[in-house]
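Atoms within a ligand are numbered from 1 in the order they appear, just like the ligands themselves. Keep in mind that the numbers below use all heavy atoms, side chains included, and drop hydrogens, waters and symmetry copies.
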Amino acid sequence: MLNEKIAKLVNEQVNKELYSGYLYLDFANYYADEGLDGFAHWYEVQAQEERDHAMMMRRYLIDNGIRVTFGAIAQPDKKFADLAAPLKAGYEHEQYVTSLINHIYAEAFAIKDFKTMQFLDWFIKEQGEEEKNAEDMIKKFELFGHDAKGLYALNQELAARVYTPSATGPAM
Ligand code: FEO
């Protein structure tokens with residue numbers, strides 16, 4: 001059985017991961033509307049990964065005897081001034097998610113909940129990758145996104161992203 005506070009934090013994080021997926025689908029909606037199907041696809045794949053994160057946390061709770069509860073998922077409310085705006089919002093969002101994961105980790109550390117710390121190790125590493133991916137997107141856009149040919153090529157590159165289920169996630 002998990003500590004009550006830790007269980008609550010992980011359960012809240014399930015909602016936040018589902019929200020992340022919702023947010024990235026909203027980015028995909030924006031790019032689809034702008035005719036950039038590669039950008040849209042990249043965020044659709046990202047949304048699938050976020051759902052995986054939520055499911056991994058849900059499973060961790062269930063496997064530790066916790067009754068998972070679902071709250072409402074907030075409506076994405078970002079307005080985008082230009083094509084780079086979602087990329088920047090994505091990077092900020094990942095930094096925020098990292099802070100959330102770090103907070104749960106710190107709470108688990110404080111009560112010597114080594115099992116949850118080990119569970120979260122995968123997410124700590126994943127957040128490093130997610131922040132880097134988001135930062136790379138901004139860099140690439142700054143380099144290539146401001147002329148039509150570069151934007152076309154970047155859109156093609158992003159269209160090639162392949163979804164890989166996060167099946168090798170944390171041991172439960
Ligand atoms: Fe689930 Fe993008 O972190």
Next on the checklist: Inside 2.8 Å of atom 2 (Fe) of ligand 1 but strictly below it, how many protein N/O/S atoms are present?
Outcome noted: 4
Checklist entry - Which heavy-atom pair separates Asn11 from Arg67 by the least distance, and what is that distance? => result OD1-O, 4.1 Å
Item to check | Minimum-distance pair of heavy atoms, taken over all atoms of Tyr43 and Pro86 | outcome: OH-O, 4.0 Å
Next on the checklist: Let's go through Gln13 and Glu17 carefully: what are the C-alpha distance in whole Å and the side-chain angles of both, what is the deciding distance for side-chain hydrogen bond (donor to acceptor under 3.5 Å, both in side chains) to 0.1 Å, and is it a yes or a no?
Outcome noted: CA-CA 6 Å; Gln13 192 61 31; Glu17 298 292 334; 2.9 Å; yes
Checklist entry - Which atoms form the tightest heavy-atom contact between Asp37 and Asn155, and what is the distance? => result OD1-ND2, 2.9 Å
Next on the checklist: Please verify the inter-ring angle class for Tyr24 with Phe27; under 30° counts as parallel, over 60° as perpendicular, anything in between as tilted.
Outcome noted: perpendicular
Next on the checklist: Please report whether the ring centroid of Tyr22 lies less than 6.0 Å from that of Tyr19.
Outcome noted: no
